[in-house]
Amino acid sequence: MLDIKAIRRDPAAVAQTLARRGMTFDVEQFTALDARRKQADVDSQNLQAEHKKASKQIGVLVGQGTSVEDAKAQVKETLDKIAAELDDLTAQAKTIQAEMEALLLGTPNLPDPDVPDGNDESANVEISRWGEPAEFAFEARDHVALGEALGQLDSETAAKLTGSRFTVMYRDLARLHRALIQFMLNLHIGEHGYTEIYVPYIVNSDSLRGTGQLPKFEEDLFKLHAEHDLYLIPTAEVPVTNIARERIFEAEEFPEQGLRFACHSPCFRSEAGSYGKDTRGMIRQHQFEKVELVQFVRPAQSDDALEELSGHAEKVLQRLELPYRKVVLCVGDLSASAAKTYDLEVWLPGQQAYREISSCSNFRDYQARRMQARWRNPETGKPELLHTLNGSGLAIGRTLVAILENFQQADGSIVVPAALAPYMGGTERIGGQ
RNA sequence: GGUGAGGUGGCCGAGUGGUCGAAGGCGCACGCCUGGAAAGUGUGUAUACGGCAACGUAUCGAGGGUUCAAAUCCCUCCCUCACCGCCA
């Protein structure tokens, strides 16, 4: 949610910045609505004050010994006059208030000035590359062919159990999948200063509103058939970020470098609107695992924090010896809540392409304002909105895909990256022998 | 799942219809006292919105209702605790 005060200060500038996203922010509509809101507020509040005063007068009179009936009679005329208008005015004020709320909730974040223009991913700008895509002396296969040949990747059985876009894994592949989770968590908590956290995988609608999945993107979520609004999490970002919701961190519990949480969780996405996309293999599933990094930082720190956080995700790829590139998303590819996003794209020999494996974003105070996530600034003594960031560090399924494809051998076996050795119980190669 | 008791300010806790945004205490801040400290003592101490300000409005788990007036009464829901039942 944007700061309504900032919009008031310079609505044209806000409209101009949002126009970069291809979004029309109607300044006149906003200004008019805001003026109506304020007028309705003032009017109803004044009337309420009068009403309250008259009511209290009854109390005072009764306290002085007047009978209740007599006291009522004395102020009846005033009260009747007020009552005639009051309901109408407060209802009006509420409606306008709700309109404004809806407008703000539906308005996306302002992209940072250094985010490039563009309509879609083709306009994303590459920042760096790491590693060399391997040259194979044989025809590189994709992860589906490799996994099925090993007899360890089985989408057919998953389709029987549930449906499309699910996977069953066996033996070393299942273990490799688990090893990746352990490896990533240990790296982030051991070397990058993150606190490990475990959270619910089912959240309420307040949490989803806080991080921005609601109200606009309900169709991407799995909603539970329950009396109250409960959803499967689409990412650990939701529960982890929301631990700060409606909370004020005191300065001593909010260190200079901010709060960092690393969380492994399954993620559930309906993938509505992605029919036909990535239908083969494990790239786009309804259920996948991810290690998520979430940071709460002081506003002055969030620029640096994004660089650091994306660096933490990069470190995972480097340790796993997976070639990748880093891109900054253009405005058109930026999610609604984000001010700036780096994507890490890993090289997939099976597709001869770089594919997204991590997305690291600075949300500035956009999520924090929705959540009322604050810290007490010792300089002012006042609660102030903090900044939130998150990034995948990394998506497990896609990392598994990358390992299969990048470490494949001529005989179809897979060499296990050295970094995973401690987690694989001595297995250095999957398949072959 | 059943039964019972509860949810009030940073914390504890009083308040069962009327000058209650809320007694009292703790904590915290500042001052006095002191050579310094402790003790003592005085003052202050929630958040949001509107207003230059005085101040106004809202918030006593959430939502709805009754009433001139609700922390207080009624309804629905959520949560916590205790006991019982069931259970990975």
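Only a predicted model underlies this, so the values are computations on that prediction, with no experimental measurement involved. Each chain gets a letter, A, B and so on, in the order the sequences are listed, and its residues count up from 1.
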Using whole Å, what does the distance between atom C1' of nucleotide B:A48 and atom CD1 of A:I248 come to? 11 Å
Both A:I58 and A:K5 contact RNA chain B. Which one's nearest nucleotide lies toward the 5' end? A:K5
In whole angstroms, how far is the C1' atom of B:G50 from the CD atom of A:Q97? 11 Å
Mind calculating the distance between CD1 (A:I96) and P (B:C49) to the nearest angstrom? 19 Å
Expressed in angstrom and rounded to an integer, what is the separation of A:Q39 atom CD from B:G51 atom P? 11 Å
Just verifying a value: how many Å separate A:L161 CG and A:E156 CD, rounded to the nearest 0.5 Å? 11.5 Å
For A:E218, enumerate each residue passing the salt bridge (Lys or Arg N to Asp or Glu O under 4.0 Å) test, keeping only those at least two apart in sequence or located in another chain. A:K223
Rounded to the Å, how far apart are A:L230 CG and B:C77 P? 16 Å
Under 4.0 Å, counting only non-hydrogen atoms across every strand here, what does A:K56 touch: a base, just sugar-phosphate, or nothing? sugar-phosphate
Take atom P in B:A54 and the same atom in B:G42, then report the distance between them in whole Å. 27 Å
On RNA chain B, does the nearest nucleotide to A:V68 precede the nearest nucleotide to A:R8 from the 5' side, or the other way round? Give the residue. A:V68
Taking atom P in both B:G9 and B:A5, what distance in whole Å separates the two? 22 Å
B:G25 and B:G13: how far apart are their P atoms, nearest whole angstrom? 16 Å
Can you name the atoms? Protein N/O to nucleotides 55-59 of chain B N/O, anything below 3.5 Å, with the distance.
| from | atom 1 | to | atom 2 | distance (Å) |
| --- | --- | --- | --- | --- |
| B:G56 | N2 | A:Q45 | OE1 | 3.0 |
| B:U57 | O3' | A:Q48 | OE1 | 3.1 |
| B:A58 | OP1 | A:Q48 | OE1 | 3.4 |
| B:A58 | OP2 | A:K52 | NZ | 3.0 |

When you check the phosphate oxygens OP1 and OP2 of B:A46, does a side-chain N or O of A:R376 lie under 4.0 Å from one of them? no
Write down the distance separating the C1' atoms in B:A14 and B:G21, rounded off to the nearest Å. 15 Å
Test side chain to side chain contact (heavy atoms under 4.5 Å, CB included), reference A:I396, set A:R178, A:E289, A:M282, output is A:E289
